[in-house]
2 protein chains.
Amino acid sequence: MPYYQNVVKNNTSAQGYLTLNLYCSPMTEKPATINIIAKKAGVGLETIRYYQRIGLIEEPEKPLSGYRVYGEDTVARLLFIQRAKELGFSLAEISSLLALGDGSCLETKALAIHKLDIIKNKLHDLQAIASTLEKLIQSCESNPFHHGCPLITAISKK
Amino acid sequence: MPYYQNVVKNNTSAQGYLTLNLYCSPMTEKPATINIIAKKAGVGLETIRYYQRIGLIEEPEKPLSGYRVYGEDTVARLLFIQRAKELGFSLAEISSLLALGDGSCLETKALAIHKLDIIKNKLHDLQAIASTLEKLIQSCESNPFHHGCPLITAISKK
DNA sequence: GTAACCCCCGTACCTAGCTACAGAGTCAAG
DNA sequence: CTTGACTCTGTAGCTAGGTACGGGGGTTAC
């Protein structure tokens with residue numbers, strides 16, 4: 001018996017096979033094995049195993065003699081990890097960012113404020129680079145033979 | 001004979017010993033050896049040598065049987081590299097960013113536009129994380145026992 | 001002039017973050 | 001029930017980006 005793949009469009013949740021359970025459903029349309037979620041998230045499956053080893057993502061229970069099944073939440077988490085990495089966060093930092101969302105607010109509020117501070121600094125620097133690049137591009141348009149545009153000064157001063 | 005250190009305040013340029021040459025002077029108050037600029041830039045001197053080896057920063061000419069002398073521009077470049085690294089750029093990417101400022105605009109305009117695009121994406125993601133963190137902190141304030149705040153959804157969707 | 005630094009060059013080593021592979025087990029289509 | 005694609009576990013190897021070190025020499029303070 002085949003799974004009813006793609007029957008429920010734009011929805012990753014389905015309890016049993018065809019139940020429309022948009023919110024809080026722990027099941028996916030089709031038992032998603034590691035390779036399937038790896039492709040969905042655009043990472044290698046060895047990477048997923050690595051993240052499990054270091055505790056960045058949870059390893060689902062292994063059914064006695066069978067393959068592990070993953071939920072959509074794992075895909076979302078993997079996507080988050082990729083984007084956060086591109087923003088210069090280490091896996092350890094990403095782990096603590098994710099813990100902010102998982103844990104009790106009371107115990108992590110101070111940490112969240114601290115993280116926000118770091119992120120605002122990054123935002124500031126990125127904006128400075130972006131506006132310098134914009135000026136650079138504009139000055140190229142007005143004077144295509146211009147030579148030597150200072151990018152460094154945009155963010156190098158503390 | 002000692003160098004007139006700190007005689008010229010807030011100014012890193014001095015041609016000869018006491019000449020006030022605020023702009024475009026290639027000399028520093030005191031011959032800045034590798035260790036001095038390493039400290040100024042807050043990096044290890046081994047790091048500077050490494051950057052020289054991979055061509056990220058230029059190695060000054062070695063005076064016959066003497067120590068290399070570095071300019072303030074090297075410090076600025078090093079600071080830029082540090083900040084850009086924190087923003088998730090690899091050394092190769094930083095190298096090409098810096099080349100944008102060094103090279104002819106004509107030949108690098110397209111590259112600049114491309115980089116700007118990448119940076120704007122990063123900006124977007126960072127802003128999403130920042131605003132989610134802000135909401136997280138606010139909801140903690142209104143309900144300190146709240147549990148489980150979704151950070152992932154902020155940026156995980158393409 | 002000599003002890004205490006500092007620089008140079010080369011090479012070896014280290015951590016983070018994957019990536020590959022071997023060997024054995026599992027699943028499902030035909 | 002066989003075959004081929006997939007999974008599991010464990011371990012080894014790889015790249016980027018440094019970091020440490022050792023031997024040889026230069027420089028400076030005393």
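Just so it is clear: chains get the letters A, B, ... in the order the sequence lines come, proteins before strands, and each one is counted from 1.
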Calculate the interatomic distance between [X] atom [atom1] and [N] atom [atom2]; express it in whole Å.
X	N	atom1	atom2	answer
A/I81	C/dA16	CD1	C1'	15 Å
B/I48	D/dT19	CD1	P	12 Å
A/K62	C/dC27	NZ	C1'	13 Å
A/N35	C/dC27	CG	C1'	14 Å
B/E93	D/dA16	CD	P	13 Å
A/I36	D/dA5	CD1	P	16 Å
A/E46	D/dA12	CD	C1'	12 Å
A/Q52	C/dG17	CD	C1'	16 Å

Begin with the C-alpha distance, continue with both residues' side-chain angles, and end with the deciding distance and a verdict on side-chain contact (heavy atoms from CB on, under 4.5 Å) for B/K115 and B/L97. CA-CA 8 Å; B/K115 291 279 170 197; B/L97 269 175; 4.1 Å; yes
Should [X] be listed as having a side-chain N or O under 4.0 Å from OP1 or OP2 of [N]?
X	N	answer
B/Y50	D/dA16	no
A/R68	D/dT9	yes
B/R49	C/dC8	yes
A/T47	C/dG17	no
A/K85	C/dC18	yes
A/T33	D/dT7	yes

When we call it a touch if two heavy atoms are under 4.0 Å apart, what does A/I34 touch: a base, just sugar-phosphate, or nothing?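 Sugar-phosphate: the residue A/I34, judged by heavy atoms under 4.0 Å, touches backbone atoms but no base.
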What nucleic acid atoms does A/G66 come within less than 4.0 Å of, heavy atoms only: base, sugar-phosphate, or nothing?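 Contact class for A/G66: sugar-phosphate only.
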Exam field: side chain B/S95 to backbone B/L91, donor-acceptor pair closer than 3.5 Å: no
Are any side-chain N or O atoms of B/E93 and backbone N or O atoms of B/S90, one a donor and one an acceptor, separated by less than 3.5 Å?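 Yes; at least one donor-acceptor contact below 3.5 Å.
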Ignoring hydrogens and angles, answer whether the base of D/dC8 and the side-chain atoms of A/Y67 contain a donor-acceptor pair closer than 3.5 Å.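 Answer no: no donor N or O sits under 3.5 Å from an acceptor.
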hbond_proxy A/E59 side chain to D/dC8 base (donor-acceptor, 3.5 Å cutoff): no
Please answer: with hydrophobic residues joined when any side-chain heavy atoms are less than 4.5 Å apart, are A/I119 and A/I113 in the same cluster?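 Result: yes, single cluster for both.
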Using the ring of B/F89 (Phe, Tyr or Trp, six-membered ring only), decide whether B/K122 places NZ or CZ under 6.0 Å from its centre and within 45 degrees of its axis.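 Yes, cation above the ring, under 6.0 Å and within 45°.
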B/L45 vs A/F89, nearer the 5' end of DNA chain C by closest nucleotide: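 The residue whose closest nucleotide sits nearer the 5' end is B/L45.
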